[in-house]
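Below is one structure, written out as structure tokens; the observations come after it.
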Amino acid sequence: MSTRSRMRVAPALAAVVFLLFAATAASAADFTVSSPAVSGDSETGFDSGLASAGRLDAAYAEKPNGPGNPSSFPITWENLPPGTKALALILDDPDARPILASRGIKALSFPHWIAADIDPSTGGLPANASVDAHAFVQGKNGGGKIGYRGPQPPADFPPNTGKRLIHIYRLTLYALSSPTGLADGFSLDELRAAIRGKVLGEARLNISYSND
């Protein structure tokens, strides 16, 4: 093949690769997750700068000096990628990073709920699925307990500054080609290792909450 022919082929190959990438990205973008417990205007995280889709209903948040674990909030999903056999979820709080650091904990976020091997055919999880009878497994949240831990951000940080803090909680749902086979009590790192190579697509829902 001549140099001139190679020059013609290279852009053509690049175009094919771009089209394949665009098609894959479009397919992944069609996968969505939402919650009827989230509503209102978008808010921005005080440290992460992430924007929310709305605020979480206070019924699903922890109250200062209140119950340790409220009900998990309901979620629904649509347009899963073909071949999805199971789902996994991670709900974490990246705006907790500076608060954790002040306590000597080096972490990029605080996990509030991790779960795996969720049946994709159900179309969603009802409220309190983390406690009620369920056909999926759950890992340990940042407090070391299995299941859902509701938001309970401090009213201000550093303490006594009077600054209103908005935390953004990221709900990430992963469509998997096969179940993970994990048992209850797994860690966030174990979940990430178990889904490696199985992710067909993912969807994200950012949720805001603050203790005003």
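Bear in mind that the values here come from a model prediction, so they are computed numbers and not experimental data.
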Quick check against the 3.5 Å criterion: does [X] have a side-chain atom that pairs as donor or acceptor with the backbone of [Y]?
X	Y	result
T44	A51	no
T122	G124	yes
S208	G54	yes
S48	G45	no

If you compare all heavy atoms of [X] against all heavy atoms of [Y], which two are closest, and at what distance to 0.1 Å?
X	Y	value
H112	R149	ND1-O, 2.7 Å
L125	F136	CD2-CE2, 4.0 Å
K140	I146	CG-CG1, 4.1 Å

>> Go through it in stages, so that I can follow the logic: the residues are Y174 and I90, the test is side-chain contact (heavy atoms from CB on, under 4.5 Å), and I'd like the CA-CA distance, side-chain angles, deciding distance and then a yes or no.
In response: CA-CA 9 Å; Y174 299 90; I90 297 174; 3.9 Å; yes
> For W113, which of Y169, Y148, Y60 qualifies under ring-ring contact (aromatic ring centres under 6.0 Å, His included)?
Replying inline: Y148
>> Please identify which of these residues, F110, F46, Y209, meets the ring-ring contact (aromatic ring centres under 6.0 Å, His included) condition with H167.
In response: F46
> Under 3.5 Å, is there a donor-acceptor pair linking the side chains of D119 and S121?
Replying inline: yes
> Which pairs pass salt bridge (charged side-chain N to carboxylate O under 4.0 Å, His left out) with one or both residues in residues 85-103, sequence neighbours excluded?
Replying inline: D47-R97, D92-R170
